[in-house]
Peer 1: 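Mind having a look at this structure? Questions to follow.
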Amino acid sequence: MATASGPDWLQARAVALQLAAGPALPQPQAATVAPNEPPASVRPRWAVQVLAGPALTYRQLSSPASGGIGTTSPSSSPGTSFSSRTSSTTSVAELERPALGSGFQVNVRRSLTERWTLSAGLGYAEYATRLALQQVHVTTRVGSVANTAPSQDSATTSIHRRDTYRFVTLPLRVGYARPLTPRWSVGLLAGADVAVYIGGSSTEGSTCACQTQSWGLTGSPYRRVSVGASLGAEVRYRLNGRWELLAQPTATYMLTPLAQSTTAYSRRHLLGGTALLGASYTLP
């Protein structure tokens with residue numbers, strides 16, 4: 001039996017298919033996400049700060065003080081005269097020296113950009129000076145007998161006084177910070193302080209510097225409101241996503257004289273350097 005066969009081109013043939021060469025598909029890459037760092041669009045901008053620390057304070061006299069510490073008091077005893085004087089007529093204000101004070105602040109800080117900040121709040125500041133001197137009183141006694149040489153007696157009095165000036169302050173600061181590491185940053189602070197006098201004590205007005213006058217909210221010879229300028233540095237250490245430790249050494253100078261213009265008191269400008277230490281909490 002014969003079987004008919006068709007043409008050769010009708011016979012089935014195996015064909016190998018091969019894809020044309022092309023660019024390789026990119027391999028998937030792992031995304032790196034920084035922990036505890038929210039996106040810039042939702043990054044918190046507000047923080048609350050609490051700071052406190054000691055201060056070294058002093059004053060600048062912008063004009064000579066009027067009056068000295070010398071006194072004269074005649075005796076009422078008949079036949080005998082006394083004169084009392086001190087060994088110096090230097091004004092009391094010129095003998096003051098620096099003393100320790102203190103400072104405290106609670107403020108709110110807002111981040112304007114990645115590096116610029118603005119802060120304002122409420123604070124307390126105590127400025128102080130100390131007075132340590134010796135008064136030498138020389139007493140001349142003239143006898144009632146003719147041709148009797150006068151005799152002199154001297155007495156030394158040690159005086160230790162501390163003048164204080166206390167204020168409620170409204171600090172306003174502009175800050176610039178630069179990060180050093182993910183946790184450490186340093187910066188500068190500058191601004192102004194509005195200071196409201198709330199009381200204190202001073203020897204000013206006492207001719208012998210032996211009496212201290214205490215003042216309260218009212219009735220003092222000092223200005224109720226003063227204005228100062230501040231300049232300082234800042235160091236921050238980040239504990240975690242919200243808490244930071246910070247140090248702010250700050251120098252402040254009162255532009256306004258302390259005493260009212262209607263008084264004869266020395267025109268003094270208070271100044272001081274405060275070592276403020278504290279913590280900052282970033283709000284959600």
Side-chain angles (χ1 to χ4, degrees), residues 49-65 91-107 109 119-133 160-175 186-205 209 212-217 220-235 246-260 263 265-279:
Q49 302 180 150
V50 179
L51 304 106
L56 181 62
T57 60
Y58 197 37
R59 86 291 176 273
Q60 179 193 18
L61 298 177
S62 59
S63 63
S91 68
V92 175
E94 294 175 354
L95 299 176
E96 295 172 343
R97 294 296 179 263
L100 289 178
S102 60
F104 175 81
Q105 289 183 12
V106 177
N107 54 54
R109 176 175 177 264
S119 62
L122 184 67
Y124 167 84
E126 181 186 72
Y127 293 82
T129 59
R130 59 184 176 87
L131 186 65
L133 55 89
H160 298 273
R161 295 290 184 267
R162 173 183 165 88
D163 293 357
T164 58
Y165 312 94
R166 299 191 298 271
F167 299 88
V168 170
T169 61
L170 302 174
L172 179 65
R173 301 283 187 272
V174 175
V186 296
L188 296 176
L189 295 170
D193 292 75
V194 178
V196 180
Y197 181 79
I198 60 174
S201 61
S202 69
T203 56
E204 196 165 25
T212 300
Q213 176 69 48
S214 296
W215 306 103
L217 288 171
S220 76
Y222 304 121
R223 296 178 186 269
R224 176 61 62 85
V225 180
S226 300
V227 178
S230 295
L231 180 65
E234 182 179 70
V235 179
L246 61 151
Q248 291 181 358
T250 304
T252 304
Y253 178 83
M254 288 295 177
L255 303 173
T256 309
L258 178 63
Q260 300 182 30
T263 67
Y265 283 12
S266 304
R267 290 177 57 85
R268 66 182 66 221
H269 297 260
L270 299 178
L271 55 94
T274 309
L276 292 172
L277 303 173

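Fair warning: this is a prediction, and the values are worked out from it, not measured in the lab. Hydrogens, waters and symmetry mates are skipped; everything else that's a heavy atom, side chains included, is used.
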Peer 1: As a quick check of understanding, evaluate side chain to side chain contact (heavy atoms under 4.5 Å, CB included) for L51 and L246, giving each step before the final call.
Peer 2: CA-CA 8 Å; L51 304 106; L246 61 151; 3.6 Å; yes
Peer 1: Which atoms form the tightest heavy-atom contact between A190 and L231, and what is the distance?
Peer 2: CB-CD1, 4.0 Å
Peer 1: Which atoms form the tightest heavy-atom contact between A195 and F167, and what is the distance?
Peer 2: CB-CD2, 3.7 Å
Peer 1: What is the distance from atom CD of E126 to atom OG1 of T164, rounded to the nearest 0.5 Å?
Peer 2: 5.5 Å
Peer 1: Run the numbers on Y222 and Y165 for ring-ring contact (aromatic ring centres under 6.0 Å, His included), then give the verdict.
Peer 2: CA-CA 10 Å; Y222 304 121; Y165 312 94; 5.6 Å; yes
Peer 1: Output every pair passing side chain to side chain donor-acceptor pair (under 3.5 Å) with a member in residues 49-61, not counting sequence neighbours, ordered by first then second residue.
Peer 2: Q49-N107, Q49-R236, R59-E96, Q60-Y253
Peer 1: Hey, does Y127 have a side-chain heavy atom less than 4.5 Å from the side chain of D163?
Peer 2: no
Peer 1: Is there a side chain to side chain contact (heavy atoms under 4.5 Å, CB included) between V186 and E234 once you walk through the steps?
Peer 2: CA-CA 6 Å; V186 296; E234 182 179 70; over 6 Å; no
Peer 1: So Q105 and R173, do their side chains get closer than 4.5 Å, heavy atoms only?
Peer 2: yes
Peer 1: Quick one: are L189 and V174 in side-chain contact, heavy atoms under 4.5 Å?
Peer 2: no
Peer 1: With side chains defined as the heavy atoms from C-beta onward, is the minimum distance between R223 and T256 less than 4.5 Å?
Peer 2: yes
Peer 1: Please report the interatomic distance CG(L258) to CZ(R267), rounded to the nearest 0.5 Å.
Peer 2: 11.0 Å
Peer 1: Determine the minimum heavy-atom distance between I198 and Y124, stating which atoms define it.
Peer 2: CD1-CE1, 4.2 Å
Peer 1: Which pair of heavy atoms, one from P98 and one from R130, lies closest together, and at what distance?
Peer 2: O-NE, 3.0 Å
Peer 1: Mind checking the CG-OG spacing from L172 to S230? Nearest 0.5 Å is all I need.
Peer 2: 10.0 Å
Peer 1: Distance from T169 atom OG1 to L122 atom CG, nearest 0.5 Å?
Peer 2: 6.5 Å
Peer 1: Say whether, by atom type as modelled, one donor and one acceptor occur between the side chain of R166 and the main chain of S201 under 3.5 angstrom.
Peer 2: no
Peer 1: Considering only distance and modelled atom types, tabulate donor-acceptor pairs under 3.5 Å from the side chains of residues 269-279, sequence neighbours left out.
Peer 2:
unit_1, atom_1, unit_2, atom_2, d
H269, ND1, M254, O, 3.1
H269, ND1, L255, O, 3.4

Peer 1: Locate the shortest heavy-atom distance separating Y197 from S220; write the atom from each residue and the value.
Peer 2: CE2-OG, 3.5 Å
Peer 1: Is S202 close to W215 at the side-chain level, that is, under 4.5 Å between some pair of heavy atoms?
Peer 2: yes
Peer 1: Just wondering, do L170 and D193 contact through their side chains at under 4.5 Å, heavy atoms?
Peer 2: no
Peer 1: For a quick test of reading the model, state the closest non-hydrogen atom pair linking A55 to S102 and the distance between them.
Peer 2: CB-N, 3.9 Å
